[in-house]
Undergrad: 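Sharing a structure here in structure tokens format.
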Amino acid sequence: MLVVSLAVPAFAADDGPGEAGQLFATTCGWCHSDGGRMAGKGPQLMDSKRDDDFLRNRIKTGKQGAMPAFGGAFSDVQIDGLVKYIRALKPHEG
Ligand code: HEC
């Protein structure tokens with residue numbers, strides 16, 4: 001069942017894209033380009049000067065007319081994973 005396969009206890013904080021990276025690519029990537037490294041319809045997220053609470057809150061509640069709210073779609077654990085993913089973003093090598 002789908003629900004079971006999604007019940008992963010924690011996000012791996014490794015350098016690979018990981019589960020949060022996949023989530024980002026499929027859900028956020030069409031607005032936050034290049035995995036969040038570049039501005040698209042939404043701003044660049046890499047090197048954000050915002051604090052974690054702001055990022056978490058923006059992901060949960062979105063911004064009217066600009067970004068959908070994901071608080072209903074994702075668990076707190078998933079949203080934390082997305083914040084960690086954003087913090088870990090680095091420019092592509094080479
Ligand atoms: C429909 C396009 C769209 C999608 C999909 C989208 N965003 Fe956004 N996002 C935006 C826009 C536009 C803004 C700028 C909002 C504003 O004016 O403050 C934004 C802002 C943000 C911010 C705040 C950045 C800052 O410095 O102010 C974060 C964090 C963020 N998005 C993360 C995500 C994540 C994570 C996802 C996927 C779960 C996602 N977004 C999906 C369009 C989108």
Side-chain angles (χ1 to χ4, degrees):
M1 201 166 95
L2 187 64
V3 174
V4 174
S5 71
L6 287 175
V8 176
F11 289 99
D14 62 21
D15 36 1
E19 185 173 340
Q22 304 248 331
L23 206 61
F24 192 96
T26 52
T27 326
C28 323
W30 55 286
C31 287
H32 298 284
S33 300
D34 197 10
R37 292 176 184 83
M38 281 168 54
K41 283 151 92 60
Q44 175 188 317
L45 301 177
M46 182 174 67
D47 295 332
S48 175
K49 303 285 179 276
R50 312 284 201 173
D51 65 18
D52 283 6
D53 280 348
F54 181 95
L55 299 182
R56 224 177 269 129
N57 210 41
R58 175 66 84 236
I59 297 168
K60 270 193 185 178
T61 59
K63 170 105 186 226
Q64 198 167 18
M67 174 171 154
F70 292 96
F74 297 148
S75 68
D76 284 356
V77 173
Q78 284 175 308
I79 290 173
D80 274 1
L82 287 166
V83 171
K84 288 202 184 98
Y85 165 87
I86 289 168
R87 291 293 181 216
L89 280 173
K90 301 238 173 5
H92 292 296
E93 311 269 324

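As the structure lists them, so they are numbered: ligands from 1, and atoms in each ligand from 1. Counting begins at 1 with the first residue of the sequence.
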Undergrad: Is there a side-chain contact between Met46 and Asp34 (heavy atoms, below 4.5 Å)?
TA: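 No, their side chains stay 4.5 Å or more apart.
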Undergrad: Among all protein non-hydrogen atoms, which one is nearest to atom 25 (C) of ligand 1, and what is the separation to 0.1 Å?
TA: Arg50 NE, 3.6 Å
Undergrad: Under a 4.0 angstrom heavy-atom cut-off, which atoms of ligand 1 come close to Ile59?
TA: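 Here the atoms of ligand 1 in question are 32 (C), 35 (C).
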Undergrad: If I take every N, O or S atom of His32, is at least one of them less than 2.8 Å from atom 8 (Fe) of ligand 1?
TA: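 Here the distance criterion (N, O or S atom, under 2.8 Å) is met by His32, so yes.
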Undergrad: Going by the order shown, which atoms of ligand 1 are within less than 4.0 Å of some heavy atom of Phe74?
TA: 38 (C)
Undergrad: Atom 14 (C) of ligand 1: which protein heavy atom is closest, and how many Å away?
TA: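 Sorting protein heavy atoms by distance from atom 14 (C) of ligand 1 puts Pro43 CD, 3.5 Å first.
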Undergrad: Starting from atom 38 (C) of ligand 1, find the nearest protein heavy-atom neighbour and note its residue, name and distance.
TA: Cys28 SG, 2.7 Å
Undergrad: Check whether any side-chain heavy atom of Tyr85 sits under 4.5 Å from a side-chain heavy atom of Leu23, and report yes or no.
TA: no
Undergrad: Provide, to 0.1 Å, the distance between atom 3 (C) of ligand 1 and the closest protein heavy atom, together with that atom's residue and name.
TA: Cys31 SG, 2.7 Å
Undergrad: Could you walk me through whether Asp76 and Arg56 pass salt bridge (Lys or Arg N to Asp or Glu O under 4.0 Å), step by step?
TA: CA-CA 9 Å; Asp76 284 356; Arg56 224 177 269 129; over 6 Å; no
Undergrad: What is the closest protein heavy atom to atom 29 (C) of ligand 1, and at what distance does it sit?
TA: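 Answer for atom 29 (C) of ligand 1: Leu55 CD2, 3.5 Å.
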Undergrad: Which residue and atom name correspond to the protein heavy atom nearest atom 18 (O) of ligand 1, and how close is it?
TA: Arg58 NH2, 3.2 Å
